[in-house]
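Comments concern the structure below.
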There are 2 protein chains.
Amino acid sequence: MDEPVSEQWGTPEGQAMLQLLWDPPPPPTRGPKQRLTLDQVVVGAMEVATELGVDELSMRKVAQHLGVGAMSLYTYVPGKDELFELMIDRAYADRALPDRALPWRAQVEFHAHEAWRMYQEHRWLIRSNLWRMPLGPHVLDAQEDLYRAVLLTGLPETTVVRVAGLVESHVFGAARAAVTDTSVASRTGMTTDDYWESRAGFWGTYFSTERFPTMTRIWERGGFDDDCPEQAWEFGLALLLDGVERLVQAGGAAARS
Amino acid sequence: MDEPVSEQWGTPEGQAMLQLLWDPPPPPTRGPKQRLTLDQVVVGAMEVATELGVDELSMRKVAQHLGVGAMSLYTYVPGKDELFELMIDRAYADRALPDRALPWRAQVEFHAHEAWRMYQEHRWLIRSNLWRMPLGPHVLDAQEDLYRAVLLTGLPETTVVRVAGLVESHVFGAARAAVTDTSVASRTGMTTDDYWESRAGFWGTYFSTERFPTMTRIWERGGFDDDCPEQAWEFGLALLLDGVERLVQAGGAAARS
DNA sequence: AGATAACGCAGTACGCCGTACGGAATGCGG
DNA sequence: CCGCATTCCGTACGGCGTACTGCGTTATCT
């Protein structure tokens, strides 16, 4: 898992990966029939990842989950990194696209919600030390449509790209925080209160109210008791899109230059 | 590296981790002198991570880098996860804090710039599949001061927490994108142009201008030729803080309620 | 129909990884 | 000076990704 995303599309490996993403070759005529399909392998890997966590994802476990030998997977996929790229693209495949009749803001919000839902459903996406999306068809479909929606603002192209990145970044960050909380809660089987309770040792032993007066104050006033993570991230999205809206209004004249 | 951040602070391991972060025990009097210090181990690990990349970070390599046996590291550190938490906290140690005489916006911008600088200097921070900051002293110092700066706005505590998270998220996302680009460029030894050149096979073979009209349009108008990543992320930060400023102005009366 | 070539499948093995264990060397407290 | 706590490290175990190889299967060719 050194390079979850191939860096060299020009190389033969890169070409193979692209072909796998865009144009999976039909099973050859000669030889025994394949016992699995590429899709089954990818979906099986996603199931293992959701069930066991991305850290426990291994070729051997995926193979076992699918009822084949470990090395048989390499008939379908060049390696683990490539399988992971296929998993990511597959996760994007389920994303719905907004109604194009809606105003741009509603469309962007729809995209953000879909991304949020995707991260919730496939928590391993968050934990993946992924640093560049694979150039897969479904990933690009989502990107394309987000750009299309943002472009409806009429903002200059450079700004559109930046705004789209901003939205993606925000959803990712919020999802990371939320998934963390729920994951900790579910894995340890403790409520959020219990969780903080278990940290009591820290607060008592090392946390100094003199060294951290602001945090203490925020804590005392309940600033950390965030009711619902949904509200928190939608607040951020709203703030962000308000800014974009202002940009649109302000640039209405300037954009012409 | 299953759980980069211990989930159970109540457990003995959690306590040991906290003690390591906050109150590293002095070397015992009995027995042979330690050949290293905890700090040397942590810094050595950071050097290995920056040099070889976080994926290549291993206990054996850190030990070799420090000129000791692999298992000797376990005298200083309970395990790799704990070492990694110490690395993170150590990275935060170098962050400067803003001048408190400055207006809140300048202070928050200073924080964002320091975070950006930190991510640039320690690129492994980006690639770490880190999902919760360790409760280390330096991490908390930075958090505390950011909260303090945001609290100067006079916004309600819940909003302060959200805004701080928004800023952190944005810098992280922008740093991730920037580090990706420069890292690809430096590792493969190709310029950005060469990089895109090498992908020509993709654009020619699979990219369809009919399927991706918006991306094509943005590309043609140079929307993706982002001159400088610094400008891009500062644009986002400005947009974000503009929103906060509006919130402050609007809430000037409402905050009293 | 039989031979052949292409191909799927899986067992074994290699070199990594994190780290548990135990023994040798070391230097302070009694 | 002795005893023992402690450091250091060689060995080893289980798990990982995957290269290689041999075997069995099956569509095509003669």
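Chain letters run A, B, ... following the sequence lines, proteins first, then strands; residues in each count from 1.
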ask   = Could you state the CG-C1' distance from Leu66(A) to dC9(C), rounded to the nearest angstrom?
value = 14 Å

note = Testing dC17(C), dC16(D), dA10(C) for proximity to the side chain of Ser72(A), the answer is dA10(C)

ask   = Given dC9(C), is OP1 or OP2 found less than 4.0 Å from the side-chain N or O atoms of Lys33(A)?
value = no

task = Specify the separation, in whole Å, of atom CZ of Arg60(A) and atom P of dG14(D).
result = 14 Å

query = Taking atom CD of Glu51(B) as the centre, does the number of heavy atoms from other residues, nucleotides or ligands within less than 6.0 Å exceed 12?
reply = no

message = By nearest atom, which of the nucleotides dG17(D), dT7(D), dA27(D) is closest to the Thr75(B) side chain?
response = dT7(D)

task = Round to the nearest Å and state the distance from Lys61(A) atom NZ to dC16(D) atom C1'.
result = 9 Å

message = Is it the case that the side chain of His170(A) and the backbone of Trp233(A) share a donor-acceptor pair, with hydrogens and angles ignored and the cut-off at 3.5 Å?
response = yes

inquiry  = Looking at dC9(D), I'd like to know if its phosphate oxygens (OP1 or OP2) sit under 4.0 Å from a side-chain N or O belonging to Arg35(B).
reply    = yes

Spacing of Glu56(A) atom CD relative to dG17(D) atom C1', expressed in whole Å = 15 Å

message = Does Gly31(B) reach a base, just sugar-phosphate, or nothing at all? Heavy atoms under 4.0 Å.
response = base

query = Leu73(A) near the nucleic acid: base, sugar-phosphate alone, or nothing, with a heavy-atom cut-off under 4.0 Å?
reply = nothing

inquiry  = Using the side-chain heavy atoms of Pro32(B), tell me which of these nucleotides is nearest: dT6(D), dG18(C), dG17(D).
reply    = dT6(D)

task = Flag yes if more than 12 heavy atoms outside Glu47(A) fall under 6.0 Å of its CD atom; otherwise flag no.
result = yes

message = Please report the distance, rounded to the nearest Å, between CG in Asp81(B) and C1' in dT19(C).
response = 12 Å

Arg30(A) side-chain proximity, nearest of dT28(D), dA25(C), dC4(D) = dT28(D)

inquiry  = If you only use heavy atoms from C-beta on, which nucleotide in dG17(D), dG8(C), dT19(C) is closest to the side chain of Lys80(A)?
reply    = dG17(D)

query = Between dA12(D) atom P and Met71(B) atom CE, what is the distance in whole Å?
reply = 14 Å

inquiry  = Can you measure Asp55(A) atom CG to dC17(C) atom P for me and round it to whole angstrom units?
reply    = 18 Å

message = Under the criterion salt bridge (charged side-chain N to carboxylate O under 4.0 Å, His left out), I'd like the reasoning laid out for Glu144(B) against Arg211(A): C-alpha separation, chi angles, the key distance, then a yes or no.
response = CA-CA 9 Å; Glu144(B) 161 73 19; Arg211(A) 182 168 178 177; over 6 Å; no

ask   = Looking at Glu114(A) and Asp94(A), what are the two nearest heavy atoms and their distance?
value = OE1-O, 4.1 Å

ask   = Within this structure, what is the CZ-to-P distance between Phe84(B) and dT19(C), rounded to whole angstrom?
value = 14 Å

Under-4.0 Å side-chain N/O to phosphate OP1/OP2 contact, Tyr74(B) with dC8(D) = no

